[in-house]
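Have a look at the structure below before the remarks.
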Amino acid sequence: MVPQMLLTTLFLAFSGIAEGVVVKRSPVTLPISRRVNLTSIHNLVRHDQNRAAALKLKASSRSRIGSRAVVNEPVDNQAVTYIASVGVGSPPTTFDLLVDTGSSNTWVGATQPFVKTSTSVQTPNQVSVTYGSGFFSGTEFTDTVTIAPGLVIPQQSIGVASTSSGFQGVDGIIGIGPTALTLGTLSPATNSLIPTVTDNLFANGIIDSNLIGISFEPTTTEEIVNGEISWGGTDSSKFTGSISFIPVTTTFPSSEFWGINQSVRYGASTSILTTTAGIVDTGTTLVLLASDGLAKYRRATGAVLDNNTGLLRITSTQFNNLQSLFFTAGGTTFELTANAQLWPRTLNTDIGGVRNDIYLIVNDLGTPSGEGFDFVNGFAFLERFYSVFDTANDRVGFATTPFTTATTN
Ligand SMILES: *[C@@H]1O[C@H](CO)[C@@H](O)[C@H](O)[C@H]1NC(C)=O
Ligand SMILES: *[C@@H]1O[C@H](CO)[C@@H](O)[C@H](O)[C@H]1NC(C)=O
Ligand SMILES: *[C@@H]1O[C@H](CO)[C@@H](O)[C@H](O)[C@H]1NC(C)=O
């Protein structure tokens, strides 16, 4: 266990918050920075839809042990990503890794080569994972993984990529999804689960609870450190009120991810989706709704599809009339305000849009409702609500933040 004083010091050093920080349960906190790839962001919607399709397919093919999901979609680069710097080996090589709640393997070497040190042990296994936005395959090692000073995991299984695609500009992924998603990623040990970094931190007594708290803040610039992950607890300086928990849904295939049952309503009484299953996902930029739900949202808002950006667009009159979107889950309703439904206007031209036009972050999942995977609460949602991914209790939590109702866009 790391002494509380050190944790507080770390937190202060990383967060850039000057004073008055109270860390509730002694989690260890890692800053994460947001990066927007301007050359690929034109494909934002396609990326998000491909990812949703690939996640659904991956869940469905998981029972076919040893086979890999085949995704008949073009490989896109990530458009908007959150990156954490993670050390591997001793002395550590530092890698910039995508933070991903939709996958659970941790791997390195896409860009910067892996450097073997005295702590690196190669296993007899190959490891491979296919994503909506690419794939990697390589060799399994166990090694010392340093997430932050004081958050050091001995003998963490990692993949060392020999081939990868779709990951230019990052070195790999730190997978913080459910452990079960690692099943079938090893070969020949196809029946083995790989403990995630969170599992190992908990098993080694380095954190007190097997959960993660994530804070993202809305941003209007291309690259900025404006997020943090807390391992083993929540950071009460990042949310207001209490955390509402929602059990992970039993509806397949959302049940394979951080899936929840949720209904979506526009304004006082326009139903967009009746209670149905979908997922909470840090790897998706937008809020995606099943096609029939999106059609209702379009009718309610008057939005049109903008051909240049792929986003929905509204006029300023329609914006003045835009109502909140209400997400009800686990008996609590979370309100996404009109401003929170906008793409940040300062980034309009970066995505091929017109400077003063008004684009929306709610978009089409690309499939109809009723398939057990009817929405994705992506970054655009998570930038407005603190989120908790609680492996120990199989539940997801949300809390309001100072940014929930902010007019940043
Ligand atoms: C951004 O995306 C483009 C095309 O999709 C890709 O060629 C480029 O390598 C990416 N850059 C970064 C820094 O990820
Ligand atoms: C979610 O919805 C499904 C389908 O209505 C239902 O069977 C299940 O009990 C609900 N709750 C959870 C936690 O899955
Ligand atoms: C947008 O694209 C669709 C389909 O390609 C086309 O029918 C429509 O006319 C286009 N709209 C504009 C405003 O260019």
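Just follow the structure's listing: the first ligand is 1, and inside any ligand the first atom is 1.
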Charged N to carboxylate O under 4.0 angstrom, R298 versus D364?
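Salt bridge flag = no for D364 with R298.
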Listed by chain and number, what are the side-chain hydrogen bond (donor to acceptor under 3.5 Å, both in side chains) partners of T250, not counting sequence neighbours?
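Partners of T250 by the side-chain hydrogen bond (donor to acceptor under 3.5 Å, both in side chains) criterion come out as none, since no residue qualifies.
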According to ring pair (Phe, Tyr, Trp, His ring centres under 6.0 Å), who are the partners of F216, at least two apart in sequence or on a separate chain?
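By the ring pair (Phe, Tyr, Trp, His ring centres under 6.0 Å) rule, F216 matches Y82, F379.
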Taking side-chain hydrogen bond (donor to acceptor under 3.5 Å, both in side chains) as the cut-off, I'd like each qualifying pair that reaches into residues 396-405, sequence neighbours left out, listed once.
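Residue pairs passing side-chain hydrogen bond (donor to acceptor under 3.5 Å, both in side chains), neighbours aside: T240-T400.
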Report yes or no: is the cationic atom of R384 (NZ for Lys, CZ for Arg) closer than 6.0 Å to the six-membered ring centre of F239, at no more than 45° off its axis?
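Checked: cation-pi criterion not met.
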Would you check if there is a donor-acceptor pair between the side chains of N377 and Q262 at a distance under 3.5 Å?
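Checked: Q262/N377 side chains pair up, N/O donor to acceptor below 3.5 Å.
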Within the 4.0 Å heavy-atom sphere of ligand 2, strictly under, residues:
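For ligand 2, the residues that come within the 4.0 Å heavy-atom cutoff are P247, V248, T249, T250, T251, N261.
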